[in-house]
Every structure is written in C-alpha cells, then in structure tokens.
Amino acid sequence: MFKKYFREIEFCTYCPKMCKFSCPVGNASGVESYTPWGRMTLLHMVREGILDFNREIAYTMYQCAGCLLCREYCDHLIEVPPVMIAAREMAVGEQKEPWEVVEFLKFWKQHHNPFGDNLGARVRTLLPDNYFNKDAQVVYLPGAGHIYNNPSVIQDTFKLFEAMDVDYVACYDGEPMDCGSVLRELGLRKEYEANAKKLVDKIGRCKVVISGSPAAVYELKVEFDQMGLKVPPKIFHISEFLWPMVKAGKFDVRKQFPQRVMYHDADYLGRYLGVYDEPRSMLGAVLREAPVEFSRHREKADSCGVGGGLPITNPDLAKAIAKARLEEFYESDATALAVACPDAQRIFQSVDDNIEVLDVINILARCI
Amino acid sequence: MTSRFKGNVELFHRLKEIFGANRVRHTSVETLLYAQDISPKSLIERRAGKTPPAADFIVRPVAVEEVSRLMRVADRWRIPILPYGAGTSRRGSVAAIEGGIVCDMKLMNRVLSVDDESLIVSAQAGILGEHLEHELNRKGFTLGHFPWNFQASTLGGWVATRSAGEAFTKYGGIENMVVSMQAVLPDGSIVKTRTAPRSATGPDFNRLLVGSEGAIAIMTRIKLRIHIFYPRQFHVAFRFKKFADGAEAVRKILHKGLRPATVHLFDKEETAKFFADSKLRLSGNLLMAVFDGKKSRAEMESEVAARIFQESGGESRGEQPSQYRMQHRFSRVFRNSPAFSQPGGIHDAIEVGAPWSCVNAVYAKMVKALGKRFELSTFLNRPTPHGAVLTFTASTKAVKESDEQLLLKLWQRAGKAAAAGGGALLHTSGVGLQSAEAFAQDLGPTHGWLKDFKAQIDPKRILNPGKLGL
Amino acid sequence: MKIPAPAAPETIQELIGIVGEDNVSASMVNRLMNSRDMFPVSLMHHAEGRPKYFADVVVWPENAEQISQIIKLARKLRIPVIPFGAGSGVCGGALPIHGGISLDLKKMNRILDVSADDLTVTAQAGIMGQTFEMELNRRGYTLGHFPSSIYCSTLGGWAAARSAGQLSSKYGKIEDIVMGFEFVQPDGRITQISPVSGYDSGPDWKQVLIGSEGTLGVITKLTCRMHPFPESRKYVAFKFPDAPAGTQAMRLIMQNGLRPAAMRLYDELDTMLVGSKGAEESAGVGLTDFIPLTQIETRLRTLAPGFINKAQRFVARWSEAANLLERLGKEGCLLILMFEGDEEIADYEYEAAVRLCEKLGGRNCGPDPALKWFKNRYHVSYKMSKVFYNGAFVDTIEVASTWKKLMPLYNEVREAIRPRAFLMAHFSHAYEDGCSIYFTFVSSAKDSVEAEKAHRKIWRLAMEATLRVGGTVSHHHGIGLSKADYMVEQHGDLMSIFRAVKDSGDPDNVMNPGKLGL
C-alpha cells in the first residue's frame, strides 16, 4: 500500500493542509489528526518507521467519511479515501481494526447486509410478483438502505416506470442484496470481494442495471470493474435513467409539488459519479421554482457524514456532520430536503425526525 | 527528552474534570501530530525521520470558562499551554519544546453575530478562515482576508500571528480588521477590549495581543470589521518589458489614490511557473490587478489603472490572466509537496518588505544572491502607496549539500541581500521558534522590554514558552 | 502665589552637563509655563493665580541621545520626567503632578527626510503641526492631519495622545498616519520601530507606545505617511430631518467605500446656531462657537418674539433655552461634506455621495456651508478664552461607538448633561464601523471652586453614560489626568496588562507618573 500510494502520502505530508477547511470530519471533531493532512502524515511516519502502526493509528484511519471533498481543493487532485481504505485493509490484516469493525463483520456474516433483515424477502412484499423476472435484461437493483429505511422509493420507482410506459425493467430480489460498499469502506476486502463476485454472478449477464443507491452504482461501475469482474455494460443511477424520459415529455405532471425543496448532493452520486444535473432537473420538472441550493453544492457540496463507514466506527461524529449540513436547511425557507441517496436520507432523518427528508423519486411520484 | 508530565495521572484526571473524557487526549500519536507544522525545517526533519518535541496532553475547549480553568490548572502544575489553531505555521510555532498541554481551539468555531449596521462580525477564535468568509459571503459580507493558508488556518491563528492576506492593499492586515476581542490571561482572568472604531484611551491593547502568538493570552472571541460583498470583480493584466517598469506602474496607481483589492507583478520565472498548466500562453513580467467593491467604483478604478499601465509601457493581456490567477490563487503553495518529495529538495518562500525607493535594488540583489543556486521565481504583492512586498519562491536546483545547510544558506543569503537592497525580511507566517532570533534583533532593546513584560504577566512561563524568543 | 523650590543645584548642573546651559531653565516663568496645559480646571487654577503643580526644572534636549541621558539621570535620582510638546492637551496629561523634569521637545523640530517615491516624511517629534504641514505643502504634499489645535500642538504630542484631525475620514487618525519612530525607553535605551509598517510580526509595540502619553518613554522622531497635495476639492452640504437620518447618511457613505475628507453632521441645536442666516463669522463654525448667548437671544427674538423677556431669564439657565430653541426650531441637521485629492477620484466620490444623500432624503444646500466651514475651521479654538473671560467654563467631550450604539450614546450623554449645562454636539470622524460624537458644554458657577465641582460632575455623568452604552470614553483627546478613572473603568481587568507593560519597562515610575490611571 505504501508503494501504491507513495505520491499521495508524500504530497499530503509536505502540504500546508490546503484542504483543511473542507474536511467534514476535521470540522466536526476539531481534531488535527482527523484531517487528510493528519491521517496521511501519520501514514508517512509509519512508513518511515517513526511510528508503529498501532491500534490508535488504525482507529484514526477510520476517521474519514470518504466524501472526497478534499480532492476538490487539491491542485494535485489527490484522493485521500482510497489511501484510508488501503490503510484500513492493513489494519484488518494486522488485526488492529476497531472493535466496531469486528462487530460489524460478525453481523454481516450473519445477515449479508448492514441492516439485518432478509432484504430480498422484504422486496418481494413491496411489489407484485410480475415485477420479478429472473431473465430480464434490464434490472432495477434496490438499494439496501431503501429497502430497510424507505421502501416507498422502490414502489414509487415502479410507479414512475408504469407512468412512463417502461415495462421492461425487472426488480432484483436475490442474494446478496447489498453491494457491499460498507465492507470495502471498512477495509474488509476479502468479504467485499466475495460478496461482489456473488452479486455479479446474479446480475452480471444483464444489459442494464439501474439503482436508486449511488453507492451501488459506484461499486458496480467502478470498483467491481477494477476487480476485473464482468459487470453489465450499462449501469445507471435512477436519475440518469429517468431524466431523459422526463425531458422527452413522457412524464405527465398532474400537479406541482407544493413545497419549497432544498437539494443535497450525496457524495457517491456527486463527486464519485459526477451526477449533479439529473436530480436537479427532475426536481425542476415538478417544483414551482428551482430547488433551493446549499451555499456549498455540486462538486463543493458538504458531506452528510454517512460514508466511509463512519456511522459504524464513529456514529456520533457522523451525526454531527449531518447536523452541520442541516444548519443551512434550517436557515432557508425550504420545507423539505431532497436527496437521491438512501444513506443520506437515513442519516438526516436520524439526526432530526422533525424535518421532511424525501427522495427525489418520492417527490416525482407524488406529482403524477 | 521525556516531559516531566508524561503519564501524570492526577493532572489527566483534573483535565478530564474540566473537559470531559472526550475532549482530553494524551497519546503520543496525537501529540506528535500536533507538534508538526509545515515549516521547511520541520519538513526536512520529517523526511529524515526525526520528530519534534511533543506535548503531553491535548484539550479542546468549547467555552471561554474552560480556557480560564485550564490556565489555573497550568498555573498550579507549572505546565505549559500551547494554543493551537490549524497548525499551519511555517516557523515552528507549534513545537512543544517543554512539553505541556495543547489547547486546540477548533471546537470554538462559531460565528456568533453579525452587526449589519456597524459591519462587525463576532466569531470564536477557532473558526477556520474559509468557513468564516463563506458564512459572511452568504450573508452578503466579506472580511477581505486571504492569506496563503486561507483554507487551513483559523481566525485565532491569523490574529495570533498578525497575518496578512493578498488583499492587503485594500483591506489591510488582520490587525486592521480586529475591532475588539475576548481573551484569557495567564492568571485565568477573562478580559475584553472595548468595541469602538478608534479610541484615545492609552495603548491599543488589541494591537498588543494581535501578533502575540499565544505567549501573552489565549484569544477566544474576536470582533472584526467586515465589508459589503460584491461578487463581481474587475481584472486587468499587462505585460511589461522590465520588472522595474511594472513596479513603477503599480506605484503610480497607488499614488494616484486607486485602491485595488490585490496587485501582483510576476517576474518572467513566476509567470512561466504559475501559468504552466493554463492555456493562456503567457510570458514576461506580468502585472495583474483586481478591483472589487461597488460596481461603478471598481469599474472606474480598473479603467484608470489600465490607462496608467498602458502609459507606463505595458501591453494589455486582457482579463483572463488575472481571472486565472484568482481561481488558482492558492496554487503556489502546492509546489511545496513535489519539491520535498525529491530527496534533498527544499522549497521555501521568502518575503521582503521594501519601500518603493528600494524595491528594484532588493529585487536585483536577491536574484543575484539566490538565482544561481536556487530555482527562483518572484512576484511583487501587497503594495501600498509607500512600498511593497517581494515574494521569492526558491526551490533546490541541484543537490550539492545537505538540505539543512541549504536551507540555512538560503536564509542567510536572503537576509544579507534584502538588507543590502534596503528591505527587511518579513516573518510572514509568524515568528514562532525558528525566527525568534531574527525577531529579537529586529526589535532591538524593545525585545528586552517585551521579555520583562512577559515575565510580569506570565511569571511561571505557562503560555507557549520559547516562542517569539520569550 | 506660592512657588515650590526648583530642582536641586546639583541636578541642574548634571542636566547642564547633558544638554548645555542654554537648554536648562529653573526660572519661575519657564517652570510655570510648562506646568499647565489646556485642561480647563488647570486653566481655572492658573487664571486665579493658584497653580496646583510645578515642574522642578525645564530642559530642551536636542537629540535622542540627550534624552536618554536625562532619563537615566532621572532614574538615578528618582525624579519624574514629563515629556512636553506644546502644552495644548485638554486632559492634564502634561501636568507635573509630582514635580520633576519637564522635558520640552520643541527644539527637536526639524524635518529630516521627505521621500517622494515612498510618500513618507520623517521629522523630529517637537515640530509644530502647522509648520510641519506648511513645509510639506511647499514641497507639494500634505500630511492630512488637521486637529483644531494644529497651531499649538506638536507631531510628538499628536502621537502621544492619539490625536485626530478634521479630515480623518480620509487620512486616518495619527495612529494610522505614523508608520514608525525612534523612541527612548524608560531604561534610557534608544529603539527604532521600523517604518516598513503593516507587514511585520509580533505584538505591535508601536501601537502600545502611541497613546501612552509619555508614561512609557519618549517618541523622538517619526516617519509618517504623506499624500500628494490635493489637486481638487469639492464641497457640498445637505440638510437631514434629524440626527438619526443624518448619521445614517454618514454611515452609508463610509460603508460604500467613499472617503470624504471632511464629513460633519451638526445636531439640531448646533445647526441652528450655525444658522442659515446667522452671524457671518459663525456660519459653518457655529455649533462649536462658544458664544451662544447673543445668538440664542437673536434666534429667540426671531422665532418667538413674545418670549424675549422670559428668554433673557432662560439665558442664565442654558439648558432650558436650548430645549425651547429645539422645540421651536425644527431646522433639521446640517451635514457638511468635502472631497479632495485626485480629481478623477474626488469627482467620482462627490457625485456618488450626492446621489446617496439625495436618495436618503437629504436636501441639497449647495457648497456654501461646507466652504464656509473650511474657511473658518480653526476658529473654534479661539473662542475658549472668551468664555472663560466671561466667567463661564467650557469643555468638550469626544466619545465614540459603533454605528449601532451611536444614537443611544448621543441620547444618553445628552440626557445626562443637559440639566446642568448648555450642550451641543456634532458627529465627525466617521469610519465604516462607527463614529465619534463631539459634545461641547458651557456652564457657569459662582466661583472657581464651585465651577471645578460642577465641571467634574458633568464629566462623571457623561462618562458614566458613555460606559453604560458601551462607547469609548475618549476618541482623540486622550486620558491624561482628568479621564484616568474612566480609563480604568473602561478597561477593567485589561489594566493589568497595561500595568505589566509599565512596571516591566519603568519599574521606578519615572515617566510621567500618575497619568492614564497608572
């Protein structure tokens, strides 16, 4: 890992912390080592033999939400999260990972997803049987987070498909249900790869995969591909899939969505996948005026803290990050917060159950 | 050297009583990291695998009362306190030479109020600079302070080191922005300076605390002057045959009374480096000025400036070069990492302040003294009607001697050349440990007074010992 | 008149050894002259021939080296040293309250360097203000510092007391103008504070010494910013319905980045005394004109003819007359503006300010009131003697605050003083974040003992009001003796810092003891 990320570690070590202000974990904690510079400098010291890679340093490597915002402020375009994940893999390899990670792995081995229920069975209760076709070429992969936390998104997705005469998409309901994003983020590489292979066995032969979960899209499209797995040729986030049709007028807006809505860019959807316009455009189609923007948005959007496995290794901090993001929502005149990511929705709701956090799909479905 | 406080359980418990278990730390991993700054000297040491002296504890106050209680604990145990912002000192300001407690201010990071009538913002000292400016922009205001470490420095750090930003010409240094502050003295008393535009009530205590680098008090809350924010900026850029002609043109617009937000005059080398990645194909000595503020004013001033630049022999290069510079204004700092990533490579920026009458001599002498041995690029910035700052960026050309010797040589030669030209080396990122000697020399007998003063106010040398030569 | 004994002959001999025979005097006259300033109470004392304080000896050093030796001698002998410029301070800062050596700097009065390239000038501390300005004007420059005491104050005195000039909105106060200086510390060592100002690090010792009023040592030589002599001047005046409307215009002018050289708003009473058709001499000066008696009568006669007899009785009780005037007046508040400097910039600023004032509901009164003010701008200082001659006393209070607290400050101070004195005010020295208010009060008492009591009471009330609102007790006159208590109240625990500076630098308390609440 030190070889692979030599340049990253080197450059961050000698950098005057230029990205400092952008790091959500650094900001929420105020801790110097919980910043890209701090974590990378620690790795540098480990590499140089100044420090042993002990449990504390390993723990520090987990204090990153993987949001990638620091890259936006780096002239060298250095990406810190992959280095953190490599360091976490090292920690797991040396059995120095935090106990939360050990606990998580136990849980995963039992349930094969981060939530516990048999998610495949739950999906089957959400939709009529005819939506499940094992031979379909175009498959909708429900996000585990949606199934667990907000299954209405899955129902609404198919409602929208119907409204737009899309009848060729089948819903995936097999095992594993989860893309294993969190495994990778926590450095549990072995389990991650095993899970990835299983999932690709089930859906690899499809032509198109669509998902409402940005993490799932990213894992399939980028990570699985890098592993050399044969992934479907086309992988879309639901907003990428639907927007061309909405734009073409296939979507009949019966009524406008009555609320002022603010839109939050999820990390995976935004900085990892580069999808910024489609969710906004879809909202634009049903809102009276364009969605309210956070002052930091698109590439520069602040994280909600749900990534990087942070809710597992440091849940309080993850929530503090989400809370900080919400401050601007409170100040604005928006009454609903729109996201296009099940995980972002979940964490926002968990820090404040008085606010309305809606998936873009929910909002659209209410307008047909 | 192991600190005498290492593993002091009683002290640890006392700190936990004040800050709770979550906001006290004592592991070597943490403390070691907090002792690292980004001065070339410590980067060289880091490359060589050496570690700086570290503190024993780290605490993170959330309220001024906690800082006050911390002072009392420190007084009882005679343990040093090292106020800490974002740790981007370039002069060893965070090294814990006598061990102690790092007081990390970053959890005190709120904008407390904005007085939109008097144009004054009140914020806690630990807020990161970028966050403060962002908050102000959102409310329609700007502070106008953009130092090189804007993205990685705190308000308290700015004030403690008397930071100057690139918009100095129009908005002044941080000392001109501070209206008043709340601070904790070494005896734990919480003091406040009066909020008034100007006073004639004895010494200006704000200015005694600004620049005190944590050696006199810990600042907890600061009120600053702000300005109405106009996002639209007017840019001009002109190419000059000679660096001196460009400098003369800058002097002319300032003597006329124009107030550009920023002015940069790049020499050929800086132009080549800075625009290397752009598609603008620029070369030569490049003068760029940015005018902000009310549209009609900024527009008028930029037109007058363009006219004067033209009359002074400049060739217009349109708006783009200056816009590009503005977009990449913090980029220069990123040259640090590639340089230090090379074995034996060093990289440093040396700033020399000079009155206009000496600017050309300083430039010539510095280039002569450093140009052979270092890859040197230079720009003039932060001009006033009375003078300007020349920033020399030097990187190793070829490794012939040890990096430490090279760094030492760089500064020695620079110091001599600057003085010979009639300028003065500036301690731009604070004095800290590494510039303490030079600072004491600059101050002359006054430094002795400052030392005695420190002994009066902090007899047990609790606050940031060794810094500022105190 | 009881005259205490002068300094011991040996002391005088030693001083002669340092500065030469011509530069030492223990004569009664010289000692008396250097033992007073323009602090009204000390004026009263002197007027009655009972000066309270006496310097032991006066010396006129010619360079910093001599000052260093004098200070070392004083330290050895434990006698105070009181730096003395032109003695026009109004707070008793130069009074030798514990006797000692009056260190008169007026022989150090040369301009040492004028740099056109750098727009800087270096001069010795004892140069008189007007001389300094005229010398610069001759060379095509201006310092931009015009306190109304410019004829009777020195450059060093300005820096010692944090002086402000009438055109401070453009050029700044003296602490903004001074870039560096040479200074003799209380230990006799001479130090240079670099004029490469604005770029340096560490605590700004310059800003500690400026305003220290001689308690921390002696400024001997100063480098200041200067400006090209203005090529253009533009005048205009506006009438606003009341003080809040007028101060709002001032605030927005500053916050829009405009920098009028002069900007003064007279409150309603002041405006009335300025009078649109008042005595020609008073036009533009009137609010600070200290002979309001006849004017009040004149105004009352025209406004309320039937009241004249009653009014004459009122005249003895200033405040009620003022009240009546205000009720009858409704003349609004006059704002005077003057822009100067580079023609293109002055024109732009003038036009922008006119547009802004008109938008804010100001009535354009043309350039005349401002022109008149500019012509007569130093007249006010001449009025003082007249008042004292008439057996009354007059004093001025200059406080400042942020814009938000400005009207509360104005109202509270007014309410506190008006039952006891005739009071008028103008707003000047504006900044982006706040402004100062200049109150002038006139009152009388049956004798000087009563007058002193009344004077002190008025101050106490005004200062308490200022501290209550959160303003600063002095904007540009300094603290000296008269405001020492209020300085301590204002700074609170911060005084411990000041005391530490003093004790560490001057452990024997030689430099100007007893001032600034030390």
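Below, chains carry the letters A, B, ... as their sequence lines are ordered, and counting in each starts from 1.
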Legend entry - Salt-bridge present (B:Arg198, C:Asp176; N to O < 4.0 Å): yes
Legend entry - Under 4.5 Å from any heavy atom of chain C - which part of B:Leu119: both
Inset, instruction - Mind listing the closest non-hydrogen atom pair of C:Ala116 and B:Arg251 along with its distance? - result: O-NH1, 4.0 Å
Legend entry - Heavy-atom side-chain proximity of C:Ser496 to B:Leu185 below 4.5 angstrom: yes
Inset, instruction - Side chain from CB out, backbone as N, CA, C, O: work out which of these in B:Ile216 comes under 4.5 Å of a heavy atom of chain C, or both, or neither. - result: side chain
Legend entry - Proximal component of B:Val359, with respect to chain C [non-hydrogen, under 4.5 Å]: neither
Inset, instruction - May I ask you to check whether C:Asp118 and B:Ser357 show a side-chain donor-acceptor distance below 3.5 Å? - result: yes
Legend entry - Proximity breakdown for B:Arg297 and chain C, heavy-atom pairs closer than 4.5 Å: both
Inset, instruction - Could you grab the distance from atom CD1 of C:Ile193 to atom CG of B:Leu443, nearest 0.5 Å is fine? - result: 7.0 Å
Inset, instruction - Grab the two heavy atoms, one from C:Val501 and one from B:Trp449, that are nearest each other, plus how far apart they are. - result: O-NE1, 3.0 Å
Legend entry - Engaged part of B:Asn206 at the chain C interface, taking heavy atoms whose separation is under 4.5 Å: neither
Inset, instruction - Measure across B:Ser199 and C:Glu175 and return the closest heavy-atom pair with its distance rounded to 0.1 Å. - result: O-OE2, 3.9 Å
Inset, instruction - Measure across B:Pro197 and C:Cys435 and return the closest heavy-atom pair with its distance rounded to 0.1 Å. - result: CG-N, 3.7 Å
Legend entry - chain C contact via B:Leu208 - which portion, at a heavy-atom distance below 4.5 Å: both
Legend entry - C:Met226, part contacting chain B, at a heavy-atom distance under 4.5 Å: backbone
Legend entry - Most contacts with chain B, counted as non-hydrogen pairs under 4.5 angstrom, among C:Lys173, C:Gln255, C:Glu213, C:His476: C:Gln255
Legend entry - SB check C:Glu343 B:Lys256 (cutoff 4.0 Å): no
Legend entry - C:Tyr486 side chain to B:Thr201 side chain, donor-acceptor N/O pair below 3.5 angstrom: no
